[in-house]
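Right, one structure below, let's go through it.
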Amino acid sequence: MTEPLVYIVDDDEDLRDAVLDTLEDAGLPAEGFSSASPALAKLNPEWPGIVVSDIRMPGMGGMEFLHAARDQFPEIPFVMITGHGDVQTATNAMKAGAFDFLEKPARPEYLVDVVRRALEMRRLQIENSNLKTLVADGGALKSRLIGRSKVMKALRKEILAVAPLKIDVLLLGETGTGKELTAQSIHDLSPHSDSPFETVNCGMLSDGNWQNSIEVKLTSTDGSTLFLDELEALPEPLQLRLLALIETRDSNGPRIIAALKSDPAQLIAEGRLRADLYYRINVAQIILPPLTERENDLFVLLEFFIRDAAARHQLKLPEITQDMLNPLRVHSWPGNVRELRNAAEKMVIGLPLALTPGTSEAKAPFGEGESYDDAMGRFEKALLRHALMQAGGRKGLAAESLGIPRKRLYLRLKTLGLD
Ligand SMILES: Nc1ncnc2c1ncn2[C@@H]1O[C@H](COP(=O)(O)OP(=O)(O)OP(=O)(O)O)[C@@H](O)[C@H]1O
C-alpha cells in the first residue's frame, strides 16, 4: 500500500470522505482520522507528509492538535479548516504556525492546490535535512579518508554521492590505495549501515567454499554489503556463476562493491575478467589513484600515521629531519598508503625504513585517454625518483648519474612537482 502523504482529521464523516475523494482523484494518497489523538500518535519526524485538520472537533480540538504537533514535529506543515468567515480563528491558526487555512466548504481545486504546496515545502525540508546530514558525514569521512589533494577531495565527494543510492560500485586501484577503506565508508554512509559489511577475497574462492562464501550471502535480504576484493582473481567458471547469481538477485539483496587492481580493459583482453561480469558490476566506478599521484598527501598521511602509531604504542613522536624525509619524497611507493603506514610505524618505533624499490609509474594507467604528455610525465617522474633514490636524495649525484646538468634536474623536479 502507498504510504499516505496527507492525514485528514475531521469528525464529520461526510466532509472527511469528500476531502479524501478529492485528494485521491488528484493522485495524492491520504488517510482519514475522526479525531486528533490517533493522528498525533502516528506523526514522526521522517514522515514526508502533511496534515489537514478541522479546528472544531470534540476531544482534542484542531488548535490543541496544532500546538502539540508543533512542539514535537515543528516541521510538519498543517493546513487548518476553519468555519466560513471565521477570520479570528484563521488568524490564530496562522500565528500558531499553520502553513495555511481553508474555509469550509473548501473548493476541491483550492484544496488540492494548498495540499500540493504544503507537500512541496515538506519535500524541500527533508531534502535540506538530508543535505545537512551529508555535510556532517562529509566531515567524518575527511578524518577517515585522509588527504587534502584534489583527487582525495573528489574521491570523498564521489563516496558521498553513491553511498545513499542502492547501486553496485566498482573500485579500481593498485594495492594499498584504500579500496577496502572506501568500500567500508560507502557502506557506513548508506541507509543500511547497521547491516553487515562482508569482505570476500575472490582469490580464496573455490567450488568447495562457493556455497557458504558467496551463494548464501548473495541470496540474503538483510541489507548487507558484499565487498568482492580482487575480482580478477576469481576463476573464469566461478565468474560465470557469480554473474548468474547477481542477475537473479532479489531486489532487497545485498549491494555489491567489487575491486580490481588492474585496468579492466587489459584484464578483459588477457581473458582474466569476463566482459559481461564487468559490465554488470560497473554501475558506478570509482578510481583510487596511486599515492604518488596525490600531490602533497604523502606528508599529510605520514603525519597522520606517525601520530596514530605513537598514540597506539604510547611512544613519543619521533624527531623528523630533512634527511629522513628526502628518501620518502623520491620513493615510488609501490605499496601505496599501506606501505607509507608501515614506514610511519617504523619511524615511531625507531626501525630502519628499508624502502623497497618499485615502479608503480611504469604500470599501464587506468582507463583510456591518458595523453602522450601525461604518460611521458609519469615516466620522467619515475626515472628521476629512481635516480634520486639511488643517490640517497643528493641531487648533484643524481644529475651526474643521469648525465644532465644539475640546473636542468632542478628545473625538471620543479616542473614535475617533485622538489
Ligand atoms: N586516504 C587514506 N587515509 C587513511 N588511511 C588510509 C587511506 N587510504 C588507505 N588507508 C589505509 O591504508 C591501508 C590499506 O588500505 P586498504 O586495505 O583499504 O587498501 P586496498 O586498496 O584495499 O589494498 P589491497 O588491494 O592490497 O587489498 C589501510 O590500513 C587503510 O586504512
Side-chain angles (χ1 to χ4, degrees), residues 137-160 162-163 169-189 197-205 213 225-234 256-264 266-267 272-273 281 285-313 328 331-349 353 355-356 358 360 363-367:
D137 287 345
L141 193 58
K142 220 168 161 179
S143 49
R144 192 172 188 191
L145 269 157
I146 310 292
R148 292 193 208 130
S149 60
K150 270 194 215 123
V151 286
M152 282 309 290
K153 284 183 187 155
L155 175 68
R156 287 192 291 260
K157 235 175 161 175
E158 284 173 327
I159 293 174
L160 288 172
V162 299
V169 181
L170 183 63
L171 304 177
L172 305 178
E174 294 174 9
T175 186
T177 46
K179 296 184 295 299
E180 181 155 9
L181 184 60
T182 299
Q184 179 80 60
S185 305
I186 292 175
H187 173 76
D188 292 347
L189 288 166
F197 171 85
E198 304 209 46
T199 297
V200 174
N201 188 327
C202 293
M204 311 291 268
L205 290 174
S213 308
T225 299
L226 198 55
F227 175 51
L228 300 176
D229 200 6
E230 228 182 328
L231 186 64
E232 66 267 54
L234 190 65
I256 292 180
I257 303 182
L260 292 173
K261 281 199 170 80
S262 317
D263 176 15
Q266 197 180 332
L267 289 169
R272 292 166 60 202
L273 176 67
I281 282 184
Q285 188 178 101
I286 296 182
I287 297 176
L288 289 104
L291 183 57
T292 48
E293 287 175 22
R294 299 186 195 177
E295 296 156 32
N296 299 322
D297 280 354
L298 179 74
F299 293 114
V300 175
L301 278 160
L302 181 70
E303 184 183 342
F304 170 78
F305 288 133
I306 285 180
R307 288 186 187 281
D308 177 66
R312 263 187 298 109
H313 299 299
L328 305 188
H331 184 52
S332 63
W333 300 105
N336 291 293
V337 186
R338 182 181 292 113
E339 190 184 355
L340 179 64
R341 193 198 58 194
N342 294 342
E345 188 102 4
K346 285 183 187 152
M347 286 167 105
V348 170
I349 301 172
L353 288 190
L355 297 172
T356 46
S360 64
K363 284 185 197 156
F366 280 122

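Sequential numbering from 1 along the given sequence is applied to the chain's residues. Just follow the structure's listing: the first ligand is 1, and inside any ligand the first atom is 1. No hydrogens, no waters, no symmetry mates; every other heavy atom, side chains included, goes into these values.
- Pairing each heavy atom of Lys179 with each of Leu171, the nearest pair is O-CD1, 3.2 Å.
- Close contacts of ligand 1 with Met152, meaning ligand atoms under 4.0 Å from a residue heavy atom, involve 1 (N).
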**Q.** Worked check of side-chain contact (heavy atoms from CB on, under 4.5 Å) between Arg148 and Asp297
**A.** CA-CA 6 Å; Arg148 292 193 208 130; Asp297 280 354; 4.2 Å; yes
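- Here the heavy atom of the protein found nearest to atom 25 (O) of ligand 1 is Lys179 NZ, 2.7 Å.
- For ligand 1, one of its N or O atoms has an N or O atom of Thr175 under 3.5 Å away.
- Not a single heavy atom of Gly147 sits closer than 4.0 Å to an atom of ligand 1.
- What you find for Ala343 and Leu353 is that their closest heavy atoms are O-CD2, 3.4 Å.
- Nearest non-hydrogen protein atom to atom 12 (O) of ligand 1 is Val337 CG1, 3.7 Å.
- Ligand 1 has no N or O atom lying under 3.5 Å from any N or O atom of Phe304, backbone or side chain.
- Given atom 16 (P) of ligand 1, the protein heavy atom at minimum distance is Gly178 CA, 3.7 Å.
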Q | Test side-chain contact (heavy atoms from CB on, under 4.5 Å) applied to Arg341 and Glu339, step by step | A | CA-CA 5 Å; Arg341 193 198 58 194; Glu339 190 184 355; over 6 Å; no
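- Closest approach of Leu298 to Leu291, counting heavy atoms only: CD1-CD2, 3.8 Å.
- Note on ligand 1: Glu230 sits outside its first shell, no heavy atom being nearer than 4.0 Å.
- The two residues Ser213 and Leu205 come nearest to each other via the heavy atoms CB-CD2, 3.5 Å.
- Ligand-side atoms of ligand 1 in range of Asp229: 27 (O), range being under 4.0 angstrom from any heavy atom.
- Residues Leu260 and Leu267 share a closest heavy-atom pair of CD2-CD1, 4.0 Å.
- For atom 13 (C) of ligand 1, the closest non-hydrogen atom of the protein is Arg341 NH1, 3.8 Å.
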Q. Please walk me through it: do Ile186 and Ile286 pass side-chain contact (heavy atoms from CB on, under 4.5 Å)?
A. CA-CA 11 Å; Ile186 292 175; Ile286 296 182; 4.3 Å; yes
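- When heavy-atom distances to ligand 1 are checked against a 4.0 Å cut-off, Thr182 has no atom that comes that close, whether in backbone or side chain.
- Heavy-atom distances between Leu301 and ligand 1 reach below 4.0 Å in at least one pair.
- Closest approach of Leu328 and Trp333 over heavy atoms only: O-NE1, 3.1 Å.
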(Q) Pair Arg307, Glu303 - check salt bridge (charged side-chain N to carboxylate O under 4.0 Å, His left out), show working. (A) CA-CA 6 Å; Arg307 288 186 187 281; Glu303 184 183 342; 3.0 Å; yes
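- Regarding atom 30 (C) of ligand 1, its nearest protein heavy-atom neighbour is Leu181 CD2, 4.1 Å.
- Where the criterion is an N or O separation shorter than 3.5 Å, residue side chain and backbone included, Phe305 fails it with respect to ligand 1.
- Considering only non-hydrogen atoms, atom 14 (C) of ligand 1 lies nearest to Arg338 out of Arg156, Arg144, Glu174, Arg338.
- Of all protein heavy atoms, the one closest to atom 2 (C) of ligand 1 is Ile146 N, 3.5 Å.
- For atom 22 (O) of ligand 1, the closest non-hydrogen atom of the protein is Glu180 N, 3.0 Å.
- Side-chain N/O atoms of Thr199 and Asp229 include no donor and acceptor closer than 3.5 Å.
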